[in-house]
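Below is one structure; the comments refer to it alone.
Basis for what follows: all heavy atoms, side chains included, without hydrogens, waters or symmetry-related copies. Bear in mind that the values here come from a model prediction, so they are computed numbers and not experimental data.
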Amino acid sequence: MPIADQLVVRRLSVKDVDVFRRLRLEALSHEPFSYASVFADWARLSDRQWRQHLSQPVFAAFLGGQPVGMMGLRFEHARKMAHRGKLVSVYVRKGKRGTGIAANLLREVIDHALAHGVIQLELAVSAENSAAMRFYERHGFVEVGCIPDGFLGHDEKHDEIIMFLRLAPPFGPGEIICRTVPESRNQTFPSVSFVR
């Protein structure tokens, strides 16, 4: 039976904190050069802090009831950035890579992002992680920048590649809308629409 037929992908709740902890620590332990975070920092988090991390969406993939991968989504809260989301904590167990698990996780994250008004996904990946970059490129992400020495640690330094995927047009085809929001009830500003 193909893995896709056996795979279950779902959002983790605070009741799944042990699943999240196991996957996150496994990722940081097995792939220390792929993440900005460090195993030791996460290993000493309290249960409350682990649960707090699940206040933003984290999706996990399960095979035969066992967790084999995860992918998180971070929303921006500033009003002018609310259309943007960031992929974080991406991990698939080594023996399960190349089987479609990451693609299924990404599909769930994209569906969730769109349902919550996110039209642009962004991520940062180490320039040394060519396999991850190829995966993202296959799924439509494009490289839009590089932060030199973005990752420092383990007596090494690596550039950080910024990638981006537009999920939907921001204002409809060919249209840009600017609206100013009154700062008080006494002020009113007209809405302005510019069409390219």
Side-chain angles (χ1 to χ4, degrees), residues 3-4 7-13 16 19-20 23-24 26-28 31 33-37 42 52-62 67-93 96-148 150-151 158-179 196:
I3 278 186
L7 192 67
V8 174
V9 176
R10 63 176 175 82
R11 182 178 176 180
L12 298 179
S13 73
D16 299 306
V19 171
F20 175 51
L23 283 171
R24 184 63 172 150
E26 180 181 314
L28 294 171
E31 307 287 345
F33 300 104
S34 296
Y35 302 98
S37 296
W42 282 72
Q52 282 176 335
H53 278 286
L54 289 172
S55 64
Q56 295 249 20
V58 177
F59 291 83
F62 296 83
V68 293
M70 71 175 183
M71 188 177 289
L73 174 65
R74 293 292 170 264
F75 294 114
E76 293 285 355
H77 296 293
R79 184 182 298 206
K80 294 179 183 177
M81 298 169 69
H83 65 291
R84 297 166 59 188
K86 188 171 185 180
L87 284 187
V88 295
S89 303
V90 179
Y91 174 70
V92 173
R93 195 165 281 162
K96 304 299 182 187
R97 294 175 191 170
T99 61
I101 291 172
N104 278 277
L105 282 163
L106 181 59
R107 193 172 305 115
E108 288 292 326
V109 168
I110 287 173
D111 287 348
H112 188 83
L114 284 167
H116 289 80
V118 171
I119 59 170
Q120 183 170 305
L121 277 186
E122 303 161 16
L123 61 89
V125 60
S126 168
E128 304 299 309
N129 196 345
S130 57
M133 291 176 64
R134 286 194 304 272
F135 167 79
Y136 295 126
E137 287 168 354
R138 282 196 308 274
H139 288 85
F141 284 83
V142 293
E143 182 179 333
V144 292
C146 173
I147 300 174
F151 292 155
H158 299 289
D159 293 347
E160 186 178 30
I161 304 300
I162 308 303
M163 302 183 81
F164 144 97
L165 173 66
R166 177 64 54 81
L167 302 178
F171 302 113
E175 191 174 319
I176 299 175
I177 297 176
C178 281
R179 286 198 177 91
R196 285 188 282 202

Do you know the tightest heavy-atom contact between [X] and [Y]?
X      : Y      : value
Gly69  : Leu23  : O-CD1, 3.6 Å
Phe141 : Leu123 : CE2-CD2, 3.5 Å
Ser126 : Met133 : O-SD, 4.1 Å
Ser37  : Arg24  : OG-NH2, 3.3 Å
His139 : Ala103 : NE2-CB, 3.6 Å
Pro148 : Asp159 : CA-OD1, 3.3 Å

Rounded to the nearest 0.5 Å, how far apart are [atom1] of [X] and [atom2] of [Y]?
X      : Y      : atom1 : atom2 : result
Leu12  : Arg10  : CG    : CZ    : 6.0 Å
Leu167 : Leu114 : CG    : CG    : 5.0 Å
Leu7   : Lys96  : CG    : NZ    : 10.5 Å
Leu87  : Met71  : CG    : CE    : 6.0 Å
Met163 : Glu143 : CE    : CD    : 6.5 Å

Q.
Does the plane of the ring in His112 sit parallel, tilted or perpendicular to the ring in Phe59? Use 30° and 60° as the thresholds.
A.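 Correct class here is perpendicular.
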(Q) Below 30° counts as parallel, above 60° as perpendicular, anything between as tilted: where do the rings of Phe20 and Trp42 land? (A)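 Ring orientation, 0 to 90° scale: perpendicular.
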Q: May I ask you to check whether Tyr91 and Glu26 show a side-chain donor-acceptor distance below 3.5 Å?
A: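 The answer is yes; a qualifying pair exists.
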Q: Kindly say whether Glu108 contributes a backbone atom to a donor-acceptor pair with the side chain of Asp111 at under 3.5 angstrom?
A: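 Here the side-chain-to-backbone pair does not exist.
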(Q) So does Ala102 get a backbone contact from the side chain of Arg97, meaning a donor-acceptor N/O pair under 3.5 Å? (A)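 Pair absent, no side-chain N/O of Arg97 close to backbone of Ala102.
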Q.
Check whether Phe164 forms a cation-pi arrangement with Arg84 (NZ or CZ under 6.0 Å from the six-membered ring centre, at most 45° off the ring normal).
A.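 Judged by the rule, Arg84 and Phe164 form no cation-pi pair.
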Q: Show your reasoning for whether side-chain contact (heavy atoms from CB on, under 4.5 Å) applies to Arg74 and Val58.
A: CA-CA 9 Å; Arg74 293 292 170 264; Val58 177; 4.3 Å; yes
Less than 4.5 Å apart, side chain to side chain, heavy atoms only: is that true for [X] and [Y]?
X      : Y      : answer
Asn129 : Ile161 : no
Tyr136 : Leu165 : no
Arg107 : Leu105 : no

